Amino acid sequence: MEQLKLGEKNKLRAAWRVDFGMYLEGGGYDGKILLPERYVPEDLEVGDEIEVFLYLDNEERLIATTLEPKAMVGDFAYLEVAWVNEFGAFLDWGLMKDLFCPFREQKRRMEKGRSYIVHVHVDEESYRIMASAKIEKYLQQPLQGQLQVGQEVELLVWQKTDLGFKVIIDNRYAGLLYDSQVFRSLHTGDRVGGFISRIRPDGKIDCALQRSGHQHAVDFSARLLRYLETQGGRCRLNDKSDAAEIQEQFGVSKRTYKQAVGDLYKRRLIRITDSGIELV
């Protein structure tokens, strides 16, 4: 059996049934991990394999659940504080037992009801799953070749700065999304698709919400053409329409929309009118 991974999903085999749940084969621990009755699927039989998330209960015993946590070990996440005591804050991560963030791992005292970007990890000393708001020490520096300009990535919006937004790239690296690249409303905790626009000599990474340059316009041209074909050959937006309307309708900047309209017009696929655009 593979070594169990605390704070992650594991595939375990059902060992025996009890009134209060199902014990799963626990490998290198004490040989039994309880899956409480409320999480046992009706069709689970002894000998079946099941994917479960492993964490520690209130008595520090290993326990399994089929619930989907909001974050697992190794993840960065935006979590709300459920309650606070004299030892630290407890964050709602979607499980019965809240996720502990001790005061030493807080940048400033966390407050009940507020949400924070945190990193989830296993504390080496206590072997407990904990959260830390000291994000910088858990970010990695990409090795050469791990990221490339133009690569599609997932961005977690971290915090607003004078230049734009700090983001976490693919749950690993720090990046910056400049205000000039933002054409939609963004808030801390948002997860959005993006692209690597530049890797600086000092290793810092610039991001964008859309592909840069001509290729993005070409990609959107094809999408806009499909839209027209499915909407009776008409769109109420033309190259003079408001940027906010374009963003709301298609999720692209006005510049990209104008480039796509121009591309389709030059190819004589559309005509531009005062009331929008339409297929020729």
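All values derive from a computational prediction rather than experimental measurement. Each residue takes its place number in the sequence, starting with 1.
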> Can you name the salt bridge (charged side-chain N to carboxylate O under 4.0 Å, His left out) partners of E245, sequence neighbours left out?
Replying inline: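 Per chain and number, E245 pairs via salt bridge (charged side-chain N to carboxylate O under 4.0 Å, His left out) with R236.
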>> Please enumerate all residues that pass salt bridge (charged side-chain N to carboxylate O under 4.0 Å, His left out) together with R114, with sequence neighbours excluded.
In response: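 Testing R114 for salt bridge (charged side-chain N to carboxylate O under 4.0 Å, His left out), a comparison that skips the adjacent residues, returns none.
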> Cationic tip of R223 within the cone over F250's six-membered ring, i.e. under 6.0 Å and within 45° of the normal?
Replying inline: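 Negative - R223 is either too far from the ring of F250 or too far off its axis.
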Can a salt bridge be assigned to the pair [X] and [Y] using a cut-off of 4.0 Å between side-chain N and carboxylate O?
X	Y	answer
E60	K97	yes
E25	K11	no
R17	D48	no
K70	D92	yes

Rounded to the nearest 0.5 Å, what separates atom [atom1] in [X] from atom [atom2] in [Y]?
X	Y	atom1	atom2	value
L155	E152	CG	CD	10.0 Å
M22	L44	CE	CG	4.0 Å
Q231	L228	CD	CG	8.5 Å

> In terms of heavy-atom contacts, does NZ of K160 have more than 12 from other residues, nucleotides or ligands at under 6.0 Å?
Replying inline: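 Above 12, so yes.
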Do any N or O atoms from the side chain of [X] and from the backbone of [Y] form a donor-acceptor pair under 3.5 angstrom?
X	Y	value
Q249	I246	no
D75	A77	no
S221	L264	no
N238	S241	yes
N171	G74	yes
Y257	A243	no

> How are the rings of W93 and F53 set to each other: parallel, tilted or perpendicular (split at 30° and 60°)?
Replying inline: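 Because their plane-to-plane angle is over 60°, the rings of W93 and F53 count as perpendicular.
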> Mind checking whether H121 and H119 have parallel, tilted or perpendicular rings, split at 30° and 60°?
Replying inline: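 Judged by the thresholds at 30° and 60°, the geometry between H121 and H119 is parallel.
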> Knowing that exactly one of N85, V81, L79 qualifies, which makes a side chain to side chain contact (heavy atoms under 4.5 Å, CB included) with F90?
Replying inline: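 So the option named by the test is N85.
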>> My understanding is that only one of V52, N10, L62 makes a side chain to side chain contact (heavy atoms under 4.5 Å, CB included) with I33; could you say which?
In response: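 Of the listed options, the one satisfying the test is L62.
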> How would you list, by chain and number, every residue that makes a side-chain contact (heavy atoms from CB on, under 4.5 Å) with Q159, sequence neighbours excluded?
Replying inline: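 Q159: side-chain contact (heavy atoms from CB on, under 4.5 Å) contacts with K166.
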>> Please tell me whether D206 and S197 have a donor and an acceptor in their side chains that are separated by less than 3.5 angstrom.
In response: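 No, S197 and D206 have no side-chain donor paired with an acceptor closer than 3.5 Å.
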> Under 3.5 Å, is there a donor-acceptor pair between the S132 and E105 side chains?
Replying inline: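 A donor-acceptor contact under 3.5 Å links the two side chains.
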> How far apart are the closest heavy atoms of M110 and V118, and which atoms are they?
Replying inline: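 Result for this residue pair: CE-CG1, 3.9 Å.
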